[in-house]
Structures are given as structure tokens and as C-alpha cells.
Amino acid sequence: MGLDIDLSVNIGGLKLKNPIMTASGCFSYGQEASEIFDLSLLGGVITKSLTYLPREGHPPPKVCETEAGMLNAIGLSNVGIVNFLAEKLPFLEKLDTACVVSIAGSTMDEYARLARKLAEHESVHALEVNISCPNVNEGGLEFGAEPGPAGKVIAAVKKEFPRTVIAKLSPNVTDIVEIAESVADSGADAVSLINTLVGTAIDINTRSFKISNVFGGLSGPAVRPVALAMVYKVVSNLDIPVIGIGGISTTSDALEFLLAGASAVQVGTACFIDPKAPLKIIDGLKKYMQNQKIYDINDIIGTVGNR
Amino acid sequence: MGLDIDLSVNIGGLKLKNPIMTASGCFSYGQEASEIFDLSLLGGVITKSLTYLPREGHPPPKVCETEAGMLNAIGLSNVGIVNFLAEKLPFLEKLDTACVVSIAGSTMDEYARLARKLAEHESVHALEVNISCPNVNEGGLEFGAEPGPAGKVIAAVKKEFPRTVIAKLSPNVTDIVEIAESVADSGADAVSLINTLVGTAIDINTRSFKISNVFGGLSGPAVRPVALAMVYKVVSNLDIPVIGIGGISTTSDALEFLLAGASAVQVGTACFIDPKAPLKIIDGLKKYMQNQKIYDINDIIGTVGNR
Amino acid sequence: MRKYSDYYPVIKKEILSPGILKFTFEAPEIAGLARPGQFVQIRTSDDYFPLWPRPFSIYDADKPKGHFSIIFKIFGCGTSRLANTDTSDKVHILGPLGNGFDPPAGQNKLIMAAGGVGLPPLYFLSRVSVENGYPAEMITFISGARTKKELFEDGNLAGLNMKLITCTDDGSAGSKGTVVDILQSELADDPERTVYACGPGGMLKKIDMIIMAKRLRGYLSLEELMPCGYGICSGCAVKTRPAENRGSTDDNRDYHLKRVCVDGPVFNSGEVIWD
Amino acid sequence: MRKYSDYYPVIKKEILSPGILKFTFEAPEIAGLARPGQFVQIRTSDDYFPLWPRPFSIYDADKPKGHFSIIFKIFGCGTSRLANTDTSDKVHILGPLGNGFDPPAGQNKLIMAAGGVGLPPLYFLSRVSVENGYPAEMITFISGARTKKELFEDGNLAGLNMKLITCTDDGSAGSKGTVVDILQSELADDPERTVYACGPGGMLKKIDMIIMAKRLRGYLSLEELMPCGYGICSGCAVKTRPAENRGSTDDNRDYHLKRVCVDGPVFNSGEVIWD
Ligand SMILES: Cc1cc2nc3c(=O)[nH]c(=O)nc-3n(C[C@H](O)[C@H](O)[C@H](O)COP(=O)(O)OP(=O)(O)OC[C@H]3O[C@@H](n4cnc5c(N)ncnc54)[C@H](O)[C@@H]3O)c2cc1C
Ligand SMILES: Cc1cc2nc3c(=O)[nH]c(=O)nc-3n(C[C@H](O)[C@H](O)[C@H](O)COP(=O)(O)OP(=O)(O)OC[C@H]3O[C@@H](n4cnc5c(N)ncnc54)[C@H](O)[C@@H]3O)c2cc1C
Ligand SMILES: Cc1cc2nc3c(=O)[nH]c(=O)nc-3n(C[C@H](O)[C@H](O)[C@H](O)COP(=O)(O)O)c2cc1C
Ligand SMILES: Cc1cc2nc3c(=O)[nH]c(=O)nc-3n(C[C@H](O)[C@H](O)[C@H](O)COP(=O)(O)O)c2cc1C
Ligand code: FES
Ligand code: FES
């Protein structure tokens, strides 16, 4: 009946039972999905990005469909750190899966304060630092678009948070490697990429923008080739572990990123169209490995081109 | 039977009978498509980017399909300027449509020499300067990714070519407005955007990249929201005429760009999937305008949000 | 609340009027839990045209048989592809979703105001209410459409013996007038009613105004774009008034976003801030 | 060469074997121009799954009736959706495309080597050659597949009265052996033949080697990914040897790219540089 398949990976100190996580903003804080399947099957869960205070986010309409993708300008609507600790973390703590909290701030200090608060909770296994939200001024691209500020935010968070710190990078930059290098030098234990691409859409009948914020973030299958290229560039140029994100919907999609060198992947938009997409990918990985007679997922990672 | 519809536009001195052109690299030099329809119906034709010497381009495989898009690493394969003038231009000259020649060089001097040669031919109504090809070292992104070099190339071309000079911009940059501003300051009469996004794809069965060059350019419907956002950003921030490109396949797609402020659009990948796509868009624009009781296309351009 | 996400077969397709179809699915888990006002998200194909699943209200559920049905109108890509699904083909269904209606309480007469394909959840609510002992004669059901050929009925609605009023905007069938018109004249006769409404946004907004003006109790079931349908994306958010602000007009200074898919689709009258 | 790009109806669907279908279209413009070895690009739907149209060789064309047909195997998304098209539905067709075969000239006997769905263009070439007076007994037609259930025929091929050899890799029908095996033994009997081949890349490569080694005349019809099919994208390029280099082995130093869609799909033996 074949050997056991080992899917576990270690990403800058964060141990995952398998390399499939759910992406920030595409899984809320987990409760909703737990009404559909057992979250403990996942490699890890990443929360909606938290700011210090609660945020309503942008007014509707916040989303629209595009060809094989979608635009969102949710605007970092979230419950804020205090409510998160009181209402959401207790639920996440009980899961047998890695709990990664995503944070976003409008100042360097906000990032640091979020990290300090979360450091107190051992059940927060890692932080993902969102310096790449394309549709808010706060907590977003102003830090992620340039290597200098990106590195500084990571250094500030790293000072406060003793466990794994992941920097989430924006694809809306000329040179992703330069940004990745800066956060790596500032102590990031891993990088995750990509956040969404800046995009927009117009309704030709009403002649108005389809989302209230005008610009939104493009995600979904449409962006996968862009994400994969950026992941491969970072992997090829730097030593830091990379978590791949962007349009991953099927086992084959996830494998593309693992083969390109990502140590793990996150499933975002696909959770909307099929809540069990992450589970199907985990099952699919096992089948692929069985067929290929590979028993350790680490023997797949980064093996594109050298068979 | 209603008023006549005027589709003509003027882009930095280049007069088009309608705002629909075919994009560089997606129409060869026109002969092939002329076996299918009358090219004189088009607003304009843009040639495959020419280099000084002929180029074979990258080895196969050069293309692959992605979700609602495609990757290409053709590698600027072209006949070279001498063969173009001898074999291709005579055909284009006979058409009753704007003839725009795209040029790409590996040095500033190559761009200048191409411009000088083409300036001699009045039938070359405009140049589109490709400083944005993502999949070759020569003639590509090394000029288009930074405002300084981008501006210098345009200034060099402008010195040699007395008619309309269009700078074709890359979307693979942090700040498209900055690049557009630099080429505008250097004398570009218009900008066209976007060229392709850098992407890649992996075949999980062979565990190799799907295109020989590893990285290719993503085009097609998938990229449309990104292109539209960049066009709108440039239009909102600068005075230079903008030609929209990226995933335009239907009348509605073209209208999104015109409403966002593009003075004309180019149809690329859609020409592969339906050679008559540009014609269908021209017909569709007329119908839309009839329905909306707008008789001059210029009364549509840039009117998103203000009705 | 437990939700199911799986492939379930279409077991029956009926055409109720041109472009309006009734589909029955064999999905025991969903049929077993479904309450009036809840909906499901349906995806016909594993490709990405359209990207998101499409939401449809549950028209009826047969717990013992393990069946439930929807009635839908063909609009665009998602509904066309659903319409082309053959009997016994499986589609991906997530459900049951949403809060559903509070069952009618007290002695009030009810008015159901259904615009177009807003009918399904109100039929389900009526059917269950009558079965639970709510007197059918205390329910008035208004079913309206723009024109005769957009009106539809599969016989079940009439079978409930409520006061049933059909209307069309152009008078081509039933009374001439919109659902709002009919509702207004019904309320003129007897202003003490609880109103349940489902239909296009414009209709709901008008009905909400009427309910608020007359200080009645009312429930509105909303339709919004729904990327996920189960509360994780915030994409379906609508502006609502904080409870203390209900009735205030300075709406844009102080609003609270609620997710139509989990906090709704049913909202109390007065809760939603309309554009 | 004039090409047509329009919507044309499927007028007949036949299942030749499991997963292998024959479709006939009413497309007078295309049927009127089609020559053996040419192909068409077909798009079933206006959405983008798949993005590119799919290329299919013309199996036969009936100029007076204005019909032409293709035979195709269901592989992935494009061929599945085509298979699901109903009779009288219209699909988007661009054609006729490609250079096509040079008609057989001279006194040479011919061998047609067809692997799987490589059969259609070779049938068309045989049919036209025989009709134009080429003696059927001078043509040997080898039709091979992996296994019995992948072999197919609609009766027309046998009707031409050529020497017809069917074979399967596993011997489940016809001779046991690959098309290449059979070709080799045929050539052993009579080495002076002109070879026409169409099928998977691996088969074509082997056949090319055989033809070159024996210094015969031969033509190979290639299959490559085709974004456009009419020469504008360069996506279908293959490496070819400059004429003066034919036979040289130092292939990667000096190659010339040709577009399969317009410079091919038929190439002379010795022209293509195989991976
Ligand atoms: C909770 C909920 C319950 C629903 N229940 C039902 C139901 O029981 N029966 C039913 O038929 N529909 C119902 N709908 C609406 C249904 O989901 C939409 O009609 C469907 O999503 C349209 O998808 P499409 O891909 O066919 O159209 P799209 O391609 O998404 O849209 C095509 C065009 O139709 C317009 N359009 C889409 N939906 C509507 C609409 N509802 N009203 C008017 N114009 C529209 C769009 O703006 C667009 O211009 C419900 C929606 C929600 C949120
Ligand atoms: C000039 C030309 C003529 C052709 N004529 C015919 C014809 O007459 N009849 C016919 O059936 N096909 C023919 N083909 C091949 C046909 O175009 C492909 O089978 C089709 O494009 C597959 O599309 P798909 O979307 O179904 O599969 P895809 O989704 O594109 O592919 C699915 C899987 O099948 C594999 N695959 C695709 N095509 C082939 C193939 N040809 N051989 C082996 N594996 C493949 C792919 O690598 C992929 O793994 C021709 C191709 C060319 C270039
Ligand atoms: C509705 C929505 C909300 C998102 N919110 C966040 C967020 O709060 N923080 C963050 O880092 N990324 C956020 N993202 C980005 C995703 O985490 C992910 O990086 C991106 O969507 C690309 O992956 P995908 O194509 O799998 O969705 C959001 C994406 C979507 C679609
Ligand atoms: C196969 C292919 C070849 C291309 N070659 C060129 C080129 O030579 N020069 C250039 O400026 N752009 C080239 N492009 C980019 C297109 O002109 C266009 O900018 C891009 O494809 C986006 O538009 P689309 O989505 O409509 O295709 C090429 C694109 C494709 C798909
Ligand atoms: S549709 Fe995703 S939260 Fe409501
Ligand atoms: S397929 Fe486009 S050139 Fe051949």
C-alpha cells in the first residue's frame, strides 16, 4: 500500500503539517469555514489583516468579477486587535493547525504595537506583515513599494515578535527581488507573495467604476502566471523561504509554485468559489506524490527543470 | 436614420479614422490578416517590433495558454529594418489606414538609427517605441523600467523622426505615471500601455517551464483590469494622449478604456482568437453610440464617472 | 450552522415561463437544514466562467425525499450555464446559507411582496408558515413582474389558498401596477400588517420607505453580488444603520457594514441604508 | 490565399469510436477552397476556456454541397467543448489554413503513415489523389493506434481500394506494431516510395530519420500549439534546417524558425530539427 507521504514543511521556524494555508482576507478568522470542514486538516490559517482599531473598510460596491479573476477593495475591514484577541483568537487556538496573524498598520508604530500585543500569545505561531495592500493608504503599499520602508517595518516587527515573521510582498513593483532582499536583511524569516495587482473595471452602461474605491486588487486564476514568475525570481536570487500566493485553485496550481521553489502556498480567491479547495489540493498533492513515487514534499520543492 | 457617427480621433498629430488599432506583435506586418478582411477598415496597424538586424527570436516553445490569458516569449523575432522596407512597407503603404511602425533596439543608438531610416518614409505615419518588451535583454525593459533611460530613448528617437512618436510602456513598474511623465517631458507625442506583464508557467508532468525562455509576457483578457488601472492613472495625472492596450477583445472592453480616457486602443491577443475582433469592435462602438445618442467618439473619451 | 459544500445532481428541470426555470436537486444534507429565506451558492462548472458561484434562494425543500428546488431567471453567464445543465449532471452547491426569515409571530396579518424572481423565498416562507398553523387567509401574497411572460407559477402557490394577487407593470396579466402599487393599496385597506419583501433593489427601497413611514414591522431579503456566500470575503457588504440611528437621515456619517450572505440576506426594515 | 473567419453550423455528428468523433460543417467558402493537408481553427464559445481556437485537419470537403468534415479525438477542454456542441449550433471557424500537401507527382508508389488522429489529412490526400487519377494500388495506407478502441474508420478509407494496413501497438486489432514498425517493413519490401506522414511528434521524428537514412522523398504534417493559425503570432514556430544544412548534425548552431501554421503544417523530410 505504498509508503507514508510526508507533507510537513518548516518555513523559517514555522512548522506546518502540510504546505497548504488559507490566504489573508480570504478566510475571515476561520469560524465561517469551520461550519463547512475541519480546519485542523489545513497546514495553516492566516487571518484577515488586523489593524489596531476596528475598521469598516471601503463602502460598497467592494468587489467585481473580471476574466478568471476578481477585483476587491475591501479596505482592510477588520475587527481590530482588541476584539480579535477577545473573540477570534480563542477559536483559532483550539485548532490543530498553524495560526498566522496578519497585521497592517498606517504607521511604523502601529505595526510595532500590533506585534507587541500578539507576541504575548503563544498561540499566535507567526505574523504575516502586510505591507502590500493596494487599496488603502494606511498599512499598505507606502511601505511595500520601496525597499527602504519595507525593511524598516519588518525590523520594527521583528524586534517585538519572537517567533516567525513573514513579510507579505506586493507585486506592484519594478523589482520584487530588491524588496525581498531588503526584508530578508531586516530579519524576515520568510516572504509571502503575491498580494493583489492593482486593477480597475468600468461598467459601460452606468459609465462608472465597478468598485467604489476606483482601484482594487486583482486576484484569482488570472494572476497566477505573474505570481509564479515573482516567486521563481525570489527563490532563484535569495535564500529566504518563500510562500507562494496568487490564483492557486487546484493541485496543479499549487504544484507549480512548489516546483518553482515555494516552501508552502496560500489559497485565497479559490476559497470563495469552493470552500474545500484547500482540502482538495492537500488530497491532490498526496495523489501526485504517490504517482510520482515521491514521499517527502521537500523532494518536490524547487525541482523545476532538474529531474 | 440617425446622424452620422464620427469615430475619428487625433493622437498627438496622428489622425485615425477610428480608434481601433492592432497591437504590435499581434498582427505581423499585415499581409496575413489581409487574406481575411480589408485592413483599410482599421483605425491603424502597428507592425511587429523591428530591430536593425533580423532576429529569429527565442527557440520554441514560445507560447502557452493560461487562465483567460497567454504567455509569450517570441523574443522579438522580426525581419529587420532592411527587409521591412523592401518587403513589408510597400504592402502597408497601399492601405488606407494609419501605418505605425514599432521599433526596438538594444542600444540607444539602435533606436536612433531605426528612427532615422523610417523618417525617410512618409508612409510611416508614426513610430511606436517599444521600451517594454519583457522577454529579451535587448530593446526591452532595461530602458522602460526606469524614468531616466526611458526618457533618453524617446528624446533620441524624437530627434530623428519628425512625425508622431508614441512611447510604449511596461506595466512591470512601481509607478507608471513617473515613467509616462519622463517620456512626455522628453517629447513623446503619446504613450501606449500596457505591454505584457512578466509571468511564467510550469508543466507539472514534465516538471519544466512551459516556455523555453522561462519568463514570458502575459497578455489577453486576464490582464485587462491591470491595464485599465494604469491607463486611468496616466490619464488622471498627465496631459499626454494615451492609447490603451491589454486584453481588449470586445466592444465593451474597448469602451472601458475609452471611458477611462484612452484616445484609442489596440487589440492584441484577441486577433489570435478571432481575426475579425477589431472589426467587430468598430461595429460595436457605432451601435453603442447610436444607442447612447452620442455622435462623436470624443464625447465618450474620458467620461467615466461624469455623466 | 452546519453548511455543506459538494456536488449534487439536478434531478428535475421545469420551464415555468420563457427564461424562468425550476430546478430540483437531490441534496439531502441541504434539504434537511433549509429554512425559508436561506439560499445556496451554485457553480455549474469547474472552470472560471463565471468565477464566483451564483446565489439562489431556496424555493422549497422536501426533507424526507432529500430534495430542494430553486426557481431562477436566465440573466447572464452563470444562469445560462446552469440552464444548460442536463438532468442527472452534478453541480457544485454550497448551502444552506444566510439567516433566513424569522417565522411570523403574533396575530398580525402578513403581506408577501414578491418582485420577479424574488418569489421563491416568500413562497417557501408562506408554505412553511401555513403548514405550521398560520392561517392562510391571514396572508396576502403579491407576485409581480414587468409583463405577462415574466410571470410564473408552478401551481403550488395557488394551492396554499392565501389571498394571491398577481400584477404586471403593463397590465398584460393580473392587476396593472407594480408590486409597490399593490402593496400600497393593500395597506390602505388594512394598515396593520407585517411585510415580507424580496425583489429588485429599487422595489425593496420603496417598500422599506413605506414600511418605515407607516411604522410597520417588515423584512426585506436583499440581492447583492456574492463572491463567497458564507461570510469570509466581506464582498457583499451593505451599509446599515446602527440600531440607535434607525430613522435618522444623516446616514453616511455613521454606517455599519453588514454582510448580506451571513448577516442577511433578510434585514429588518429600517436597517439598510439605500443608495 | 483567401481565408474565411465566421460562424458555421455543425450539421452532422458521428461517433467513430469512443472519444473519436466526426463532425461535418456547412461552410461553403471553406469547403470550396480546402486542399488536402490544410486545417481549420475552431472556437466553440465566445468565452476564454480555452483562450485559443483549436486546430483540426480537414478530413474531407464536398465542394458542391459546401460541406467539410473533421475527425477529432477528445483530449482536453477545447475538444470536450467541441464534442458537446449540438447539431445546428454554430461554431467559429477560420480556414482553410496551412500549405497542404504537394499532390503526388511522378511514378513513385506512395505510403501514407497515419498515427491516431493523424489520419484525416492523409485520407483527404489519398481520396483526392485517387480521384485525380493516381492509381489506388500504388498507395499503401498505414493506420495505427495504441489499441483497438482507438482505431477508427468511417468506411470511406476502405472504399478507396488502396492497400490498407491497420496496426495497434498492443496487437488488439490489425497487425501488432507501431506505424513506424509497419512502415519499416513495407520499405524493406520496396524501398522506392514517397512517404506522407501525420501523427504524434515522436512518430514523425522516427519516420523522418528513416526517410533521411534511405534518402527517400517524404512529407511530414506537424502538430504544434497554435495561438492564431494564420501566421501573425510566431507562436507555432519550429526549428528548421536551412536548405544547405539538410543532413548536417550540428543543428543548434544554425537554425531557422518556420511557422507551422503558414509555412507548414506540411514540411519536407529533413527540414525539421527535432528536439
Ligand atoms: C441571496 C440571493 C438570492 C437570490 N435568489 C435568486 C432566485 O431565487 N432566483 C433568481 O433567479 N435569482 C436569484 N438571485 C439573483 C441571481 O443570483 C442572479 O440573477 C445571478 O447571480 C445572475 O448571474 P448571471 O451570471 O447569470 O448574470 P451576470 O452575468 O452576473 O449578470 C448579467 C447581467 O444581469 C444583471 N443582473 C444580475 N443579477 C440580476 C438581478 N438579480 N436582477 C437584475 N439584474 C441582474 C447584471 O447586472 C448583469 O448586467 C439571488 C441573489 C441573491 C444574492
Ligand atoms: C495542424 C493541426 C492539425 C490537427 N488536426 C487534428 C485532427 O484532425 N484531429 C485531432 O483529433 N486533432 C488534431 N490536432 C490536434 C488538436 O488540435 C488537439 O488535440 C487539440 O488542440 C487539443 O485541444 P484540447 O483543448 O482538447 O486539449 P488541451 O487541453 O489543449 O490538452 C489536453 C492535454 O492533451 C495533450 N494534447 C493536446 N493535443 C495533443 C495531441 N495532438 N496529441 C497528444 N496529446 C495532446 C496536451 O498536452 C494536454 O496535456 C491537430 C493539430 C494541429 C496543429
Ligand atoms: C477579498 C479579498 C480580501 C483580501 N484581504 C487581504 C488582507 O486583508 N490582507 C492581505 O495581506 N491580503 C489580502 N488579500 C490578498 C490575498 O491574501 C492574496 O494575496 C491575493 O488575493 C492573491 O491570492 P489569490 O489569487 O489566491 O486570491 C485579499 C484578497 C481578497 C480577494
Ligand atoms: C505573441 C505576442 C507578441 C508580441 N510582440 C510584441 C512586440 O513585438 N512589440 C511590442 O511592443 N509588443 C508586443 N506584444 C505585446 C502586445 O502588443 C500588447 O501590448 C500586449 O499583448 C497586451 O495586449 P493584449 O492583451 O491585447 O494582447 C506582443 C504580444 C504577444 C501576445
Ligand atoms: S459573499 Fe463573501 S462575505 Fe458575503
Ligand atoms: S499559430 Fe500564430 S503564427 Fe502560427
Side-chain angles (χ1 to χ4, degrees), chain A residues 22-37 45 47-48 54-79 210-212 216 218-222 224 247 249-250 268-277 279-280, chain C residues 1-7 29-30 33 41-54 76-78 91-97 201 222 224-240 242 251-252 254-263 272-275:
Chain A
T22 52
S24 179
C26 302
F27 215 60
S28 191
Y29 314 94
Q31 284 118 320
E32 294 88 351
S34 74
E35 297 175 352
I36 304 173
F37 68 89
V45 166
T47 68
K48 176 77 194 162
R55 283 175 61 98
E56 286 288 329
H58 296 307
K62 290 169 175 259
V63 289
C64 75
E65 276 179 312
T66 66
E67 255 77 57
M70 63 176 281
L71 289 168
N72 90 78
I74 303 297
L76 287 187
S77 105
N78 78 94
V79 296
K210 286 191 179 172
I211 46 182
S212 69
L218 183 68
S219 65
R224 203 173 68 241
S249 315
T250 66
T269 301
C271 293
F272 305 161
I273 64 182
D274 180 355
K276 290 188 192 162
L279 299 191
K280 290 179 182 173
Chain C
M1 269 287 298
R2 185 81 175 92
K3 295 174 177 68
Y4 293 88
S5 169
D6 217 331
Y7 296 89
E29 297 90 342
I30 296 173
L33 293 176
Q41 289 265 86
I42 301 187
R43 226 176 134 215
T44 312
S45 154
D46 280 340
D47 64 32
Y48 308 111
F49 278 100
L51 184 75
W52 300 331
R54 294 296 190 245
C77 163
V91 297
H92 191 267
I93 308 183
L94 168 67
L97 303 169
L222 266 61
E224 277 297 323
L225 288 171
M226 294 219 171
C228 77
Y230 63 107
I232 59 163
C233 76
S234 301
C236 62
V238 288
K239 289 186 190 174
T240 63
D251 278 334
N252 274 309
D254 193 22
Y255 65 82
H256 181 61
L257 293 178
K258 286 198 174 176
R259 292 163 301 176
V260 173
C261 68
V262 288
D263 304 321
V272 174
I273 302 176
W274 304 98
D275 288 330

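Chain A is the first sequence line, chain B the second, and so forth, proteins listed ahead of strands; every chain is numbered from 1.
With a 4.5 angstrom heavy-atom cutoff, T22(A) does not touch chain C via any of its atoms. Contacts between R43(C) and chain A at a heavy-atom distance below 4.5 Å involve the side chain alone, from C-beta outward. Interface remark: A33(A) contributes backbone and side-chain atoms alike to the contact with chain C (heavy atom separation under 4.5 Å). Heavy atoms closer than 4.5 Å to chain C are found in the side chain of T250(A), but not in its backbone.
When every heavy atom of P227(C) is checked against every heavy atom of V63(A), the shortest pair comes out as CG-CG2, 3.8 Å. Between Y255(C) and G57(A), the shortest heavy-atom contact is OH-O, 4.0 Å. Taking each heavy atom of P59(A) and K239(C) in turn, the nearest pair found is CB-CE, 3.7 Å. The nearest pair of heavy atoms linking W52(C) to I273(A) is CA-CG2, 3.8 Å. Of all non-hydrogen atoms in S234(C) and K62(A), the two that sit nearest each other are O-CD, 3.3 Å. Of all the heavy atoms in P275(A) and H92(C), the pair that sits closest is CD-CE1, 4.4 Å.
With K276(A) contributing its side chain and S5(C) its backbone, the two residues share a donor-acceptor pair below 3.5 Å.
In this structure, the separation between NZ on K258(C) and CD on E56(A) is 10.5 Å, given to the nearest 0.5 Å. Atom CG of L97(C) and atom CD of E35(A) lie 9.5 Å apart (nearest 0.5 Å). Interatomic distance, C233(C) SG to I74(A) CD1, rounded to the nearest 0.5 Å: 6.0 Å. The line from CG of D46(C) to NZ of K280(A) is 6.5 Å long, rounded to the nearest 0.5 Å. Atom CD of E67(A) sits about 5.0 Å away from atom CZ of F49(C), to the nearest 0.5 Å. Taking CD from E65(A) and CG from L51(C), the interatomic distance works out to 5.5 Å, rounded to the nearest 0.5 Å.
The closest side-chain heavy-atom distance from L257(C) to P60(A) is below 4.5 Å. In this structure, C271(A) and Y230(C) have side chains that are in contact, with non-hydrogen atoms separated by less than 4.5 Å. Looking at heavy atoms from C-beta onward, I36(A) lies out of side-chain contact with Y4(C) at the 4.5 angstrom threshold.
Listed options Q41(C), H256(C), M226(C) were ranked by heavy-atom pairs under 4.5 angstrom with chain A; first place goes to H256(C). In terms of non-hydrogen atom pairs under 4.5 Å with chain A, the most contact-rich of G229(C), C236(C), G235(C) is G235(C). Per-residue counts of heavy-atom pairs under 4.5 Å with chain C were compared for S77(A), G220(A), P61(A), C64(A); the largest is that of C64(A).
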